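If you're wondering where the values come from, they're calculated on a predicted model, not measured in any experiment. In listed order, ligands and their atoms are each counted from 1.
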Amino acid sequence: MRIRPQLKDLEEYKPGELIKGAIKLSSNENPLGTSEQVISEIIEGIESGELDLSLYPWSGNEAELKRAIAAYLEVEEDRIVIGAGIDGVLDTLVRIFMGEGDEAIIPIPTFSLYESLIKIAGGTPRYVKREKDFSISLDELISACNDRTRMIFLASPNNPTGNSIKEEDVRAIAAAVPETMVIIDEAYAEFAPSSFSLVRHLREEGDENMKANIVVLRTFSKAFALAGLRIGYAVVPKWLTGIYKRVAMPFSVNSIAIAAAIAALRDKEHLRNTVELVRKGREFLIEHLQPFFNVFPSDANFVLVDVSPAKSHAVYDALLREGIVVRDCSSFRGAGDSLIRITVGTEEQNMRVVNAMKHIHKLFKMQ
Ligand SMILES: Cc1ncc(COP(=O)(O)O)c(C=O)c1O
């Protein structure tokens with residue numbers, strides 16, 4: 001049977017591993033777990049029949065979620081679109097903008113799904129290597145664009161490097177390539193200073209002119225602890241919402257996910273506790289690992305550690321023997337073979353990571 005030739009060397013997405021009995025710090029999930037308030041609201045909703053799982057998701061609930069997101073971000077609700085996680089939103093956006101022969105720019109290392117979606121659409125990813133501190137050279141990025149470039153993917157904070165892109169840089173890029181959609185993936189925005197988010201830019205500038213070409217992606221998977229339910233959203237220029245609705249799979253976001261997201265936005269305390277725990281834990285990990293390894297600054301809920309001269313796979317294995325699963329970053333294009341990414345955990349988990357990493361430092365006789 002013939003499959004499309006451009007799919008032949010597509011790599012399978014490699015998620016962070018879950019190993020029974022070990023602490024999972026491999027997928028940047030929420031160390032507090034899902035809010036109890038959210039769980040009880042869902043259970044009550046199902047038991048009372050208000051959340052009727054025999055029915056297709058109701059557009060009224062989706063509208064309520066968009067209103068709640070709009071209030072959370074202080075943007076107009078007719079600029080919000082939702083999907084099955086950022087992954088689902090990206091899938092729809094790529095289907096809108098990319099086709100055979102089109103190109104997209106990806107500064108690497110970064111989240112690997114961008115590249116897969118571009119290839120599936122029949123497009124060609126063009127990679128721009130980040131600088132040593134993982135910042136992006138605007139000159140290099142802009143000169144990599146041509147008249148076939150349809151999209152640019154900028155994660156901010158970036159996975160796995162943890163750094164953010166400056167608002168003025170995004171504005172400069174969007175202005176330099178007005179025919180190209182600039183996608184800002186803010187999956188980890190809640191853990192960064194709030195002024196770093198590009199949502200402010202969209203709020204201030206509006207998009208009265210039809211040229212607006214910036215999209216900001218957000219998710220309920222990280223700070224809102226709903227990764228298992230698959231729900232995310234984007235703030236888009238108004239001109240894009242109509243086509244988004246026509247291209248997106250109907251009912252791609254299920255009714256439990258919609259109800260849980262509304263409840264999660266209401267539980268401000270859980271969000272505050274999560275952000276506080278992550279920011280403290282991040283400082284703790286950086287402070288205690290830095291004397292032994294090169295640890296990069298992070299605006300996200302993980303830290304990136306250079307374990308050279310050891311190899312990342314060897315340190316991954318050694319941590320696993322200590323009951324801790326992290327992410328070996330050698331599967332990220334352009335990341336080399338000495339980087340590991342550690343999700344910020346609970347205080348106790350972070351302490352275990354520090355002790356294990358000190359042990360590994362000795363074991364590998366690093367200087
Ligand atoms: C940069 C980035 N974007 C998107 C995602 C996926 O988000 P979601 O769970 O909303 O699909 C991840 C997950 O790790 C990520 O790191």
Worksheet item: Taking C-beta and beyond as the side chain, do V305 and V315 meet within less than 4.5 Å on heavy atoms?
Response: no
Discussion item. Tell me whether G85 reaches ligand 1 (any heavy atom closer than 4.0 angstrom to a ligand atom).
Written reply: yes
Fill in: Nearest protein heavy atom with distance in Å, relative to atom 5 (C) of ligand 1
F111 CZ, 3.4 Å
Practice prompt. Give the residue and atom name of whichever protein heavy atom lies nearest to atom 6 (C) of ligand 1, and the separation in Å to one decimal.
Written response: D87 OD1, 3.3 Å
Worksheet item: Does D87 pair with R230 as a salt bridge, N-O distance under 4.0 Å?
Response: yes
Worksheet entry | Residue-ligand contact N28/ligand 1, heavy atom below 4.0 Å | no
Worksheet entry | Closest protein heavy atom to atom 15 (C) of ligand 1, given as residue, atom name and distance to 0.1 Å | Y188 OH, 3.6 Å
Worksheet item: Nearest to atom 10 (O) of ligand 1, what protein heavy atom do you find, and at what distance?
Response: T219 OG1, 2.5 Å
Item to complete: Taking the side chain as every heavy atom from C-beta outward, state whether I214 and P237 have any pair of such atoms under 4.5 Å apart.
Response: no
Discussion item. Tell me whether the rings of F153 and Y114 are parallel (<30°), tilted (30 to 60°) or perpendicular (>60°).
Written reply: parallel
Worksheet item: Can you tell if the side chain of L319 reaches within under 4.5 Å of the side chain of M357, non-hydrogen atoms only?
Response: yes
Worksheet item: So, Y72 versus Y233, ring centres under 6.0 angstrom or not?
Response: no
Response to the item:
Per-atom filter on ligand 1: closer than 4.0 angstrom to a heavy atom of S221 are 8 (P), 9 (O), 10 (O)
Worksheet item: Strictly under 4.0 Å, does any heavy atom of F220 approach an atom of ligand 1?
Response: no
Response to the item:
Quick note on ligand 1: atoms under 4.0 Å from a heavy atom of K222 include exactly 13 (C), 14 (O)
Item to complete: Considering only NZ, NE, NH1 and NH2 on the basic side and carboxylate oxygens on the acidic side, decide whether E62 and K66 come within less than 4.0 Å.
Response: yes
Worksheet item: Which ligand 1 atoms, with their elements, are less than 4.0 angstrom from a heavy-atom of R230?
Response: 8 (P), 9 (O), 11 (O)
Fill in: Of the listed options I86, N159, D185, closest to atom 2 (C) of ligand 1 (non-hydrogen atoms)
D185
Worksheet item: Are more than 12 heavy atoms from other residues, nucleotides or ligands located less than 6.0 Å from atom CD of E347?
Response: no
